[in-house]
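One structure below.
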Amino acid sequence: CPTYAAAAMRLLDARPPSGYRREWTEHIALKAAVADAGTPLLVFRVWDDWLALGIGVMEEVGEARRIHTLPHRREGVLLGVVNDRGELLACVSVGRLLGLEKGVGTSAVPLPGKSSGRLLVVRHAGERYAFPVTEVRGVQHLVLPVEPPAFSPGDQVMGAAGRSRVEWRGRNVCCLDEVKLFAALSRSLA
């Protein structure tokens, strides 16, 4: 339409309002400062332990769904399968994979057939999994140490799939390494 085209040309040819450049410079600088404040990670709890995972592998944080068990697969990391919009996904226990089950009450344990907490759907290198978590605290910008931390041999989480441990709101959060986590999942399901 010629009327709208002429109006658009007048708008694009007009001088910007006073303070326009300053406002946008401040806006972009603020965004850069937030990006420098830390790495965006999804913080969640599995039983009593706080974990964090990069948002690049996150597909969905959803409501807990019924976990359908598989015959002859009662123990181990594989809990069963869940329906994710018509697609069956392997539902795994990250808690079992990382050795977090010790001393945990049965009421806090996500069991097949039960729905409690939330369900995370993750994807890495073409592999998709779902796993139940007790609680999700959302995306947090955590400052990770520059050097890889030394960890004790008894720290199973760090040994299995950890990248570092950070303090967040008075909690010790283990930041997971996506590559290590998915490699451990593949090994445990093979």
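The line from OG of Ser164 to CG of Asp177 is 9.5 Å long, rounded to the nearest 0.5 Å. Rounding to the nearest 0.5 Å places CG of Leu181 at 6.5 Å from CZ of Phe131. For the atom pair Leu144 CG and Leu41 CG, the distance stands at 5.5 Å (nearest 0.5 Å). For the atom pair CG (Leu51) and CG (Leu42), the distance works out to 10.5 Å, reported to the nearest 0.5 Å. Atom CZ of Arg65 and atom CD of Glu63 lie 9.0 Å apart (nearest 0.5 Å). Note that the OG1 atom of Thr39 and the CG atom of Leu142 stand 7.5 Å from one another [nearest 0.5 Å].
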(message) Set out, in order, the CA-CA distance, both residues' side-chain angles and the distance that settles side chain to side chain contact (heavy atoms under 4.5 Å, CB included) for Val136 and Leu120, then state yes or no.
(response) CA-CA 9 Å; Val136 175; Leu120 301 184; 4.1 Å; yes
(request) Would you please test Trp50 and Asn172 for side chain to side chain contact (heavy atoms under 4.5 Å, CB included) and show each step? (result) CA-CA 7 Å; Trp50 288 93; Asn172 184 3; over 6 Å; no
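A side-chain donor-acceptor contact under 3.5 Å links Arg45 to the backbone of Trp47. Between the side chain of Lys180 and the backbone N or O of Arg163, no donor-acceptor pair lies under 3.5 Å. At distances below 3.5 Å, at least one donor-acceptor pair connects side-chain atoms of Asn83 with backbone N or O atoms of Gly86. Using a distance-only test at 3.5 Å, with no hydrogens or angles considered, a donor-acceptor pair links the side chain of Glu178 to the main chain of Gly54.
Here the closest non-hydrogen pair linking Gly76 and Arg96 is O-NH1, 2.8 Å. Summarising the geometry of His141 relative to Pro40, their closest heavy-atom pair is CE1-CB, 3.8 Å, with the distance given to 0.1 Å. Residue Ala90 comes nearest to Val81 through the heavy atom pair CA-CG1, 4.5 Å, listed as atom of the first residue, atom of the second, then distance. Closest approach of Pro132 to Ile67, counting heavy atoms only: CG-CD1, 4.3 Å.
Note on Glu167 versus Arg171: no salt bridge recorded, every NZ/NE/NH1/NH2 to OD/OE distance being 4.0 Å or above. Ion pair Arg137/Glu135 flagged as a salt bridge, since at least one NZ, NE, NH1 or NH2 atom sits closer than 4.0 Å to an Asp/Glu carboxylate oxygen.
Put simply, Ile55 and Val94 are part of the same group of oily side chains (I, L, V, M, F, W, Y) that touch within less than 4.5 Å, one to the next. Residues Leu78 and Leu88 fall within the same hydrophobic cluster, defined by Ile, Leu, Val, Met, Phe, Trp and Tyr side chains chained together at heavy-atom separations under 4.5 Å. Hydrophobic clustering (ILVMFWY, side-chain heavy atoms < 4.5 Å, transitive): Val139 and Leu53 are in one cluster.
Counting heavy atoms from C-beta on, the side chains of Thr25 and Glu23 never come closer than 4.5 Å. Contact check for Ser93 versus Val46: no side-chain heavy atoms found under the 4.5 Å cut-off. Contact annotation: the side chain of Glu26 never approaches that of Arg21 to less than 4.5 Å [non-hydrogen atoms, C-beta and beyond]. For the pair Val61 and Val133, the minimum side-chain heavy-atom distance is 4.5 Å or more.
For Glu59, the salt bridge (charged side-chain N to carboxylate O under 4.0 Å, His left out) criterion is met by Arg123, Arg128, not counting sequence neighbours. Residues forming a side chain to side chain donor-acceptor pair (under 3.5 Å) with Ser188 (at least two apart in sequence, or on another chain): none.
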